[in-house]
Amino acid sequence: MNAPLQALLEMKRLATPFPAGTVVEEWKAEGGRVVGFVGLAVPEEIIHAARMLPFRVSADNDPVPLQEVDACMPARTSASARTILQLALDGRFGFLDGVVISVVNEGTLQLVDNWRSYAPRPYMDSIFLPRKRTEEACALYLADLEDWRSRLSEMRGAYIVERDLARAIAVYNRGRELMQQLYALRERERPPVTGAETLEIIKTATRMPRERFNDLLGKLLVEVEGSGREVRKSKRLMVIGSELQDSTWMEAVEDLDAVVVTDELCTGTRYCFGQVDTNLRPMEALARYYLLARSPSARAWPATDRFRHVLAMTGRYRVDGVIARTERQDADCTHGRMALRKQMHDHGIPLLELDVELGDGRDALVARLRAFVETLPARAAARAGRAPARDRGDRSSHGTPPGAATR
Amino acid sequence: MSLGNFLNRSQYDETSHPAPQALIDAIKGHIRASEGEAQLKSTPRYLALVVKSLEQAIHAKENGNFCAIHSMGYPIELFWPLGIMPLCNELGSAMIGLIGEDSERYLSIAEDNGVPRCSCEYYRTFYGLAEIGACPVPDFVTHSGSPCFPAPTAREMATWRMGASDLRLDRPYKLFTSQSMDYWVSEHRALVRFLEEQTGRGMDYDYLKEVTKLSFRATQIYREINELRCAVPCPLPAEASFAPLAVYGAWTGTQLCVDFLEQLRDELQDRVDRGIGAVAQEKFRYTCSTSLPYFDYGVMTETEKRYGAVNVMDHLQWWREDADWLIDPDDPLASLACRAQFGISNSLHGTALDRGEQMRQATLKCKADGVVHFNNLGCRHGAGGYRILKDTIESSLGLPWAAINCDMLDRSITSVAEVMHQLDIFFETIETSEAYQERSRQRRPRSGERLGTA
């Protein structure tokens, strides 16, 4: 049993209670404004450059009782969006001065209107993320971002200037660099941090000023290296899907003889891999990074780009098995599952498909996880003799998904 | 990495099409069975045009053409100059219910093969049809964000199943910004390139201009038909309420489409002139804020008989504003891209607030007494905008609203008896409202005015 990481404890202290943690209260007490964002197509750098605190709007580890939200978004709609709306209806996001939602699927689209109609904040906005990764799509996204920059400037009362954007990009690039260093540690045969710890770290990144987070993460990396920490588990797993906020779910996986060494999640590598190109105009660089340089989601076309990326990651992190975690009502993810299954099968990678609902009981989950993990030892033992990642698709350079250069 | 031959099933034999033909035969049987019963001459004709559409898709290759499966609201005008025969998957799925067949079988097949239940029943039925070879094997599949967000990934799934190529038209949900329109036009250009590559043929832009003009003409006539539906009594009976949508969806851009819509319009105009309504005594008028109940079309017919209630509009058939989308006859791509802004089958794509406003306008214009929301359990998109729609209608128009839980294609979810029971309550509620009684007095024909059915 490894000792808790002190820097992580400090991060969690600052980010609690949920949702408005100590650090948010401090920010507000100093007259700062907080803008909540939903989804990955909202460049935090623009909010940062507006001298406001970007705050990722989501649920946390504890299940949220869903009641009033049923009148707006019934149970068959997106669980993530429903949970956020319920929290909004409960007044839990009353500290937000504004909200920006990136519309990437039907859940987020429905969230925009329902939040605006039934629990509005003073400033409400939305941005469309194209579902193709082309130059034309990038032009649209960039123009939308420019429009949003103007609207946010109006809200702020002063124009968001290039210099501040460039500064914000530098701060956030530094954060990404540190988070990628954290992921690099997990490539080790015995990673020093668990998947659950990593998820908690990424979550706190989006709930406090990035400069402060960077400082703490830098300390955490030093602490890890100095502690000789090792997670001694025999199976290496990867979790794929969209947004996972509940680190106790990850803990349930890691309570078994397995450690999550990487992921393809919006709260993981999709969030923090890659870098914004500082040689470009800031807004263009942001558009290119957020649309083109991040790993493709299940909503992007063609789906084969995503599969190629997942395969490359399984090779790079020497993964024994993949858990595809899909929210039960996420049609885009479930539509791609048959092809994903075939891809994994063709490449000899064990795959566990889990349909989840927020607040699901753990017993059934753990039983399925255990059964899955128990099928993996033979592969783990054979790892030494197995050909490395080259058979599993294109090994990308650190943080850059294949075929998705920033320029 | 190719996903072709995804499952390599043998029933996809390009030379034989027994199962698709069976669907066509069933529709033909339905036409024969209802011969002499239709109020409108246009009713059997529209069904015949649906059959013709299916036949030309099935026999495309024999005739030296190509077959493309596409999603609803797609710019099929681009297909005609390249000899591509369109097959709309929602149209095929809806026809199964409309002719009295049970979609449950296809839904089960889809589920057995791993298609998730959270996927819309139109796509699941389509997948089931594909799985057993009841759907023609297309040369390629084209999909877009119309009519809703998950539509493209659902089509992609079926594409893998069929081992076909595909292209997505990525539709921004905000279409009213200049950058969105630029992108949407560029997507249309990408579609032309894709179609040219797939067929090995070059786009004949003069032909396309003519096709685009015909499509615009069809839009104008469609709107005239919608205007006629606003007449009291409403001249369009349930038997043909799907007709304009089905024919426009399958044939827009052709003279056939224009001819049919003109015939329907003239028939409706004649009925309006003679004061002939869909029912002998029109008592209630309602709009549908969803698509029509394709799981059993008998619901609408029974609604006419039992309550004298006539459907005057549904959300798929409403055109935004004046639908003046032919912005430049010499630039057919830009014009066709613009069509999507106004188009039918369009309302699910945008925001719920916009959809609510469009339904409010439709309900007001069509002089409806209430709104029926067939609360389609397979449609998460519609479900998420439900309250906004309801509030818009109830608070701004003061009209009653009925939400009826069902699946648009699966009869096993809600029985027709249950649906009718809920409609009993709904129309009773309307009847007792003071607002309705006042409207009813105003609508009552003065002495000497004619009223009746054909």
Side-chain angles (χ1 to χ4, degrees), chain A residues 71-78 81-82 103-114 116-118 126 128 130-132 134-137 139-144 146-147 298-299 301-304 307-308 311 326-339 341-343 355 393, chain B residues 1-3 6-7 113-120 123 143 145 148-150 152-158 160-161 166-174 177-180 182-184 186-187 189-190 348-356 375 377-381 383-388 391:
Chain A
C72 305
M73 296 180 70
R76 64 182 186 274
T77 56
S78 160
R82 272 161 51 78
V103 175
V104 295
N105 58 11
E106 55 189 354
T108 45
L109 180 58
Q110 291 155 358
L111 181 62
V112 170
D113 283 346
N114 281 293
R116 187 173 275 156
S117 298
Y118 302 113
S126 65
F128 173 69
R131 297 196 291 174
K132 274 185 175 175
T134 61
E135 287 300 320
E136 290 83 1
L140 165 65
Y141 181 53
L142 173 57
D144 271 357
E146 288 284 13
D147 284 352
R299 316 184 200 287
W301 183 86
T304 43
F307 302 145
R308 199 158 38 233
L311 287 168
T326 308
E327 275 188 23
R328 207 159 281 144
Q329 305 300 345
D330 188 336
D332 286 331
C333 273
T334 49
H335 286 153
R337 243 177 11 197
M338 281 189 274
R341 199 178 299 153
K342 175 160 168 47
Q343 291 294 313
D355 279 352
Chain B
M1 182 174 56
S2 168
L3 286 166
F6 180 51
L7 290 174
N113 283 277
V115 178
R117 268 207 165 230
C118 71
S119 186
C120 161
Y123 311 141
H143 41 82
C148 62
F149 258 94
T153 50
R155 272 13 173 280
E156 220 175 345
M157 174 176 64
W160 296 327
R161 176 64 188 85
D166 73 320
L167 182 86
R168 179 188 295 184
L169 280 186
D170 185 25
R171 183 178 167 185
Y173 83 97
K174 294 177 186 173
T177 63
S178 59
Q179 60 258 31
S180 287
D182 289 347
Y183 180 55
W184 188 227
S186 79
E187 284 292 279
R189 286 199 193 97
L348 271 181
H349 187 80
T351 67
L353 286 165
D354 178 53
R355 187 173 161 220
N375 194 22
L377 298 179
C379 182
R380 291 165 317 287
H381 215 95
Y386 167 83
R387 183 175 168 193
I388 290 170
D391 287 356

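First the proteins, then the strands, lettered A, B, ... as listed; each starts at 1.
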**A/T326, part contacting chain B, at a heavy-atom distance under 4.5 Å** = neither
**Asked** Do the side chains of A/M338 and B/V115 get nearer than 4.5 Å, heavy atoms only?
**Response** yes
**Prompt:** Under 4.5 Å between any side-chain heavy atoms of A/W301 and B/T153, yes or no?
**Reply:** no
**Side-chain donor/acceptor of A/D355 to backbone N/O of A/R328, under 3.5 Å** = no
**Message:** Please classify the contact of B/P116 with chain A as side chain, backbone, both or neither, using a heavy-atom distance under 4.5 Å.
**Reply:** side chain
**Request:** Would you indicate whether the side-chain heavy atoms of B/Q179 and A/D147 approach each other to under 4.5 Å?
**Result:** yes
**Request:** Against chain B, label A/A71 side chain, backbone, both or neither, depending on which of its atoms sit under 4.5 Å from a heavy atom there.
**Result:** both
**Region of A/L140 that comes under 4.5 Å of a non-hydrogen atom in chain B** = both
**Complete:** Note: vs chain B, highest number of non-hydrogen pairs under 4.5 angstrom among A/P302, A/A137, A/S78, A/A139 is A/A137
**Asked** With chain A, which of B/S119, B/P172, B/C379, B/S186 has the greatest number of heavy-atom pairs at distances under 4.5 Å?
**Response** B/P172
**Prompt:** Where on A/Y141 is there a heavy atom nearer than 4.5 Å to chain B: the side chain, the backbone, both, or neither?
**Reply:** neither
**Message:** Does any backbone or side-chain atom of A/A81 lie under 4.5 Å from a heavy atom of chain B? Answer side chain, backbone, both or neither.
**Reply:** neither
**Asked** Do you see a donor-acceptor pair shorter than 3.5 Å between the side chains of A/N114 and A/S117?
**Response** no
**Complete:** Ranked by heavy-atom pairs below 4.5 Å to chain B, first place among A/D330, A/T134, A/L109, A/V104 goes to A/L109
**Message:** Between A/R299 and A/D332 (side chain of the first, backbone of the second, donor and acceptor by atom type, cut-off under 3.5 Å), is there such a pair?
**Reply:** no
**Message:** Using heavy-atom distances under 4.5 Å, tell me whether B/Y183 contacts chain A through its side chain, its backbone, both, or neither.
**Reply:** side chain
**Fill in**
Applying a strict 4.5 Å limit to non-hydrogen atoms, the region of B/D166 in contact with chain A is both
**Asked** Is the B/Y173 ring parallel, tilted or perpendicular to the B/F149 ring (thresholds 30°, 60°)?
**Response** tilted
**Request:** Select one option (side chain, backbone, both, neither) describing which atoms of A/D144 are under 4.5 Å from chain B's heavy atoms.
**Result:** both
**Prompt:** Got a second to check how far B/T177's OG1 is from A/F128's CZ, nearest 0.5 Å?
**Reply:** 10.5 Å
**Fill in**
Sorted by chain and residue number, the salt bridge (Lys or Arg N to Asp or Glu O under 4.0 Å) partners of A/R116 (sequence neighbours excluded) come out as none
**Asked** If you count heavy-atom pairs under 4.5 Å with chain A, which of B/E156, B/R380, B/E187, B/K174 comes out on top?
**Response** B/R380
